[in-house]
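This report concerns only the one structure given below.
Every chain is numbered from 1, with letters handed out A, B, ... down the list of sequences.
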2 protein chains.
Amino acid sequence: MALRVGVVGGGQLARMMIAPAVELGVEIRVLAEAEGMSASLAATSVGDYRDADTVLAFARDVDVVTFDHEHVPQPVLHALVDAGVAVRPGPDALHYAQDKLAMRARLDELGMPQPDWASVSDEDSLQAFLDDHGGRAVVKTPRGGYDGKGVRVVSRASDAADWLSAGAPLLVEELVEFTRELAQQVARRPSGQVVAFPVVETVQRDGVCAEVIAPAPHAGDRLTEAAARVGTEIAEGLGVTGMLAVELFETTDERILVNELAMRPHNSGHWTQDGAATSQFEQHLRAVLDLPLGDPASRAAWSVMVNILGGPASDSLDARFAAAMADHPDAKIHTYGKTPRPGRKVGHVNAVGDDLDDVAYVARSAAARFLD
Amino acid sequence: MALRVGVVGGGQLARMMIAPAVELGVEIRVLAEAEGMSASLAATSVGDYRDADTVLAFARDVDVVTFDHEHVPQPVLHALVDAGVAVRPGPDALHYAQDKLAMRARLDELGMPQPDWASVSDEDSLQAFLDDHGGRAVVKTPRGGYDGKGVRVVSRASDAADWLSAGAPLLVEELVEFTRELAQQVARRPSGQVVAFPVVETVQRDGVCAEVIAPAPHAGDRLTEAAARVGTEIAEGLGVTGMLAVELFETTDERILVNELAMRPHNSGHWTQDGAATSQFEQHLRAVLDLPLGDPASRAAWSVMVNILGGPASDSLDARFAAAMADHPDAKIHTYGKTPRPGRKVGHVNAVGDDLDDVAYVARSAAARFLD
């Protein structure tokens with residue numbers, strides 16, 4: 001009897017759980033937002049994840065419910081728990097992924113390194129924060145942001161007047177002087193086992209992850225261990241089960257500060273599909289099923305992941321795919337089955353090998369074949 | 001619009017095409033022999049592959065038809081071709097996988113190294129072959145054998161009397177004095193591109209593949225190149241499209257001789273899922289779709305694959321799986337979703353790394369966790 005994992009959300013993260021599920025003998029069922037989504041290769045039902053009855057009905061036929069995203073409302077999550085469904089990560093952990101103010105407060109309690117921050121409900125308190133932090137800061141809506149949305153750099157309190165007028169408190173954070181961005185992934189089982197993947201460098205463009213280098217170049221033991229420790233302590237402190245991604249700033253004074261959290265497989269870990277002994281998608285399945293976790297070690301000295309951001313919908317993805325395959329037989333091209341649109345993530349390329357320059361060249365060149 | 005591959009046969013080879021299909025954005029449809037087969041995670045219809053109408057109906061909705069096995073009858077294959085279906089490999093190539101006498105004759109024409117052989121229809125001609133070859137030989141039924149079935153070592157013509165009485169000619173081959181068995185896999189596209197995987201050593205027990213070591217230990221350039229050349233020339237000479245496996249004997253006098261052919265992904269190539277830049281299943285999909293082939297190079301110095309041969313059906317595969325995972329976080333365990341029975345292949349374990357002893361230990365120990 002195969003174990004059955006129900007994934008709420010039909011995007012590419014759910015889709016990329018399908019391949020390891022087949023090999024593990026795990027059955028994947030997906031509750032998708034619409035027909036024809038990225039994960040629709042798996043057994044898929046379509047329904048509204050904000051509706052408790054819909055999600056409860058979906059959960060009835062699976063052994064554990066997990067997620068492609070963190071947007072399932074708390075009342076729905078609690079209805080699942082109350083009905084005896086194994087929900088991983090659970091509502092208490094997901095609360096911190098859904099509410100950035102709650103996350104900041106909890107990470108302070110845990111003693112995690114993070115930027116100065118405050119909850120602000122009016123222009124006066126925002127201006128006070130700005131005055132204390134060199135006149136510039138980052139304002140975030142506590143809920144619903146992703147890929148740069150719900151994030152704004154401000155230098156005057158009035159820059160956030162529209163958001164403040166909505167009536168809910170905002171999160172304001174110091175503008176960190178960072179040399180680069182890193183990401184630390186860990187997996188945690190309900191029974192407590194935690195394993196940490198190597199810390200990686202992430203390169204963002206226009207607020208969207210463009211490229212990941214694994215492991216982070218020039219990351220010495222001190223940085224690697226510090227990042228793994230932060231990831232592990234957050235997973236344990238917040239009670240996360242499944243994959244956790246901790247986005248980090250590395251500062252000019254060589255500290256690491258927690259930027260964002262994601263409680264699911266994450267773009268910063270796509271390199272693991274071809275570059276690690278265990279992919280983040282396999283690891284997520286093992287973790288939410290409370291199976292022993294796999295080895296997170298790199299398979300090669302270097303892995304580079306480059307996102308494919310779709311061009312106009314009129315382009316033939318198939319022809320570009322074949323051209324990329326022909327030029328780069330060593331590139332691993334992953335597609336999401338999505339209609340290309342400007343800026344939309346429609347796939348990614350992984351390359352692995354011994355020489356970072358070569359590996360980066362292969363991944364970037366193959367991905368560039370998909371662009372205009 | 002995703003490319004659609006139809007696979008005739010619902011066994012584990014079809015199943016293992018699912019994972020790379022998801023990543024390539026290729027849609028897999030399976031014509032299975034029965035409900036609940038290994039590949040039933042893919043979109044599956046159930047029907048008899050010996051019935052032309054059934055297979056034609058299945059082929060209508062796909063871009064190319066390929067196979068999990070070589071048993072589709074020639075009239076059915078020709079009906080597909082006549083209807084304009086892309087059949088890969090095609091009937092003319094599959095003929096040589098279906099009829100071992102035809103294969104031997106054709107390989108002679110191509111000048112391929114192979115054991116002495118003859119077609120025998122009566123005890124006199126079989127006895128004459130035995131007398132010429134030291135009194136022992138291997139008799140094979142030309143059709144329908146696999147995993148040691150339809151193969152018999154004889155020392156008297158009367159040992160094959162039952163098979164001869166069926167009226168069809170048999171294949172008799174010299175009993176090769178070999179030091180070990182090897183396998184050479186190549187992939188070939190309809191447009192002609194051929195790539196060769198590294199030659200591997202296969203270890204058989206009771207006529208069934210038990211273990212594969214990649215690359216074959218102590219294989220120097222001469223052997224590696226000779227095996228790749230034999231594989232390439234057979235693929236080209238027989239017009240194979242998709243994956244071809246050539247099982248080889250390495251003789252005591254350091255020659256290689258062709259033993260058997262398989263025109264599909266093959267047990268000897270399961271190591272490529274975790275040990276090669278491109279798995280044989282991804283390569284088969286690329287080849288039958290006439291897409292540029294992937295890099296067949298090994299990802300690590302050594303890969304070892306050990307088959308999991310199922311124990312009694314009453315055993316809990318899940319508990320054994322968890323135990324193997326806990327002991328060997330670096331082992332890649334692949335399951336086929338089959339009910340265990342004695343001797344049945346229900347999965348395999350791959351291990352990869354720099355030290356052959358370590359790699360073999362991990363693969364064998366993890367697989368042993370599934371045995372009594």
*Given a strict heavy-atom distance threshold of 4.5 Å, which part of B/Q193 is in contact with chain A: side chain, backbone, both, or neither?*
neither
*Measuring from B/Y336:OH to B/H348:NE2, what's the distance to the nearest 0.5 Å?*
4.5 Å
*side chain to side chain contact (heavy atoms under 4.5 Å, CB included) with A/L13: which of A/H284, A/H69, A/H270, A/M243?*
A/H270
_chain B contacts, top residue of A/L291, A/L24, A/I18 (heavy-atom pairs, under 4.5 Å)_ = A/L24
*Interface moiety of B/V195 toward chain A, non-hydrogen atoms closer than 4.5 Å*: neither
*State the NE2-CD distance between B/H266 and B/Q184, to the nearest 0.5 angstrom.*
12.5 Å
*asked:* Shorter than 4.5 Å, heavy atoms on both sides: which option in B/P296, B/A277, B/G353, B/A324 has the most such pairs with chain A?
replied: B/A277
*Between A/R364 and A/E211, is the closest basic N to carboxylate O distance under 4.0 Å?*
yes
*asked:* Is B/A323 in contact with chain A via its backbone, its side chain, both, or neither, using a 4.5 Å heavy-atom distance?
replied: neither
*If you count heavy-atom pairs under 4.5 Å between each of A/G337, A/A297, A/A19, A/G347 and chain B, which one has the most?*
A/A19
*With respect to chain B, which residue among A/D295, A/D327, A/I333 yields the maximal number of heavy-atom pairs within a distance under 4.5 Å?*
A/D295
*A/H334 and A/D274: side chain donor to acceptor below 3.5 Å*: yes
*For chain A, find which of B/H328, B/R286, B/E282 contributes the most heavy-atom pairs closer than 4.5 angstrom.*
B/R286
*SG of A/C209 to CE of A/M305: how many Å apart, nearest 0.5 Å?*
4.5 Å
